[in-house]
Amino acid sequence: MDGVQRLVARRVEKMLDALAAQVARGRTGEEVPTFNLTLHLAQGIRLSGVLIDYLPREALLLASAKEGLLSRNEAVTYVEFSSIVAVTVESPAVLNQVPFLVRPALNKEDLLRHAERLARGLTEQFWPSESQLGGQNMSFEVDWVELDTEPGRRALEDAMNAVTHALRLIGREQNGRDNIRRIARVKFSKGRQMAATLEGDTGRVSIEPSASVPPAQVFRKGLSAGL
């Protein structure tokens, strides 16, 4: 699912417009991804191949491929656009290279508000009386050095969401509520890899923007090791 969560829904014709624009750039010599599609037609037929060309709302051209490679001997299929009811994209991670199909990264202010909401939600879930009695809520803090870039903010948002899920998993374990209470804050900063540790009452999460965010279980294991 890496990156798929960031994709946004688009009408079929608008999605194909965006992919065709990428293909057109490839014809000029620019390096662009190859889009392997399966077209679902109104007659119940499925056609698969590599997108070669698209005439908006009129026709689409697919080329068959072997092992993702095109050759002069492969067949091509011309498809009436009106017959297409849905499109499946193989290896959808390539769509992350098409800005129109990807949710924009949150800005710094949005991420700070998001961090506050996540931390407050954890506090209210596992010790709701803490804030009511004037106690200190759990906090998420960010060292922005080398993270205030679009890749950095994307990775930071994904890491925050995964760590929040990891903390909820810890909270559901035996003695989980007591363990969660021992974590006063979680600090996110740039690192050489995606990892989480617990030092005293502080969870430390390192973020490498070019790396994939690991599953929440990986963060849970790292944080639990210090409890």
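Here the structure is a predicted model, which means the values were calculated and not measured.
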The reported gap from OG1 in Thr149 to CH2 in Trp144 (rounded to nearest 0.5 angstrom) is 10.0 Å
If you count the non-hydrogen atoms of other residues, nucleotides and ligands that lie under 6.0 Å from CZ in Arg103, is the total more than 12?
yes
Are more than 12 heavy atoms from other residues, nucleotides or ligands located less than 6.0 Å from atom CZ of Arg57?
no
Single hit among Arg181, Arg185, Arg182 for side chain to side chain donor-acceptor pair (under 3.5 Å) with Asp201
Arg185
Look up atom CG in Leu227 and atom CD1 in Ile170, then write down how far apart they are to the nearest 0.5 Å.
5.5 Å
What's the separation between atom CZ in Arg46 and atom CG in Leu37, rounded to the nearest 0.5 Å?
14.0 Å
If you measure only the distance, is there a donor-acceptor pair under 3.5 Å linking the side chains of Ser210 and Glu208?
yes
Measuring from Thr88:OG1 to Asn36:CG, what's the distance to the nearest 0.5 Å?
12.0 Å
Name the one of Thr164, Leu112, Leu111 that satisfies side chain to side chain contact (heavy atoms under 4.5 Å, CB included) with Phe140?
Thr164
Taking 4.0 angstrom as the limit, do Arg6 and Glu157 come out as a salt bridge?
yes
Is atom NE2 of His114 surrounded by more than 12 heavy atoms (other residues, nucleotides or ligands) closer than 6.0 Å?
yes
With a 6.0 Å cut-off (strictly less than), is the heavy-atom count around CZ of Phe100, excluding the residue itself, greater than 12?
yes
More than 12 heavy atoms from other groups under 6.0 Å of CD on Glu30:
yes
Inspect the contact between Asp143 and Arg204 and indicate whether a charged nitrogen and a carboxylate oxygen are less than 4.0 angstrom apart.
no
To the nearest 0.5 Å, tell me how far Leu19 CG sits from Tyr54 OH.
10.0 Å
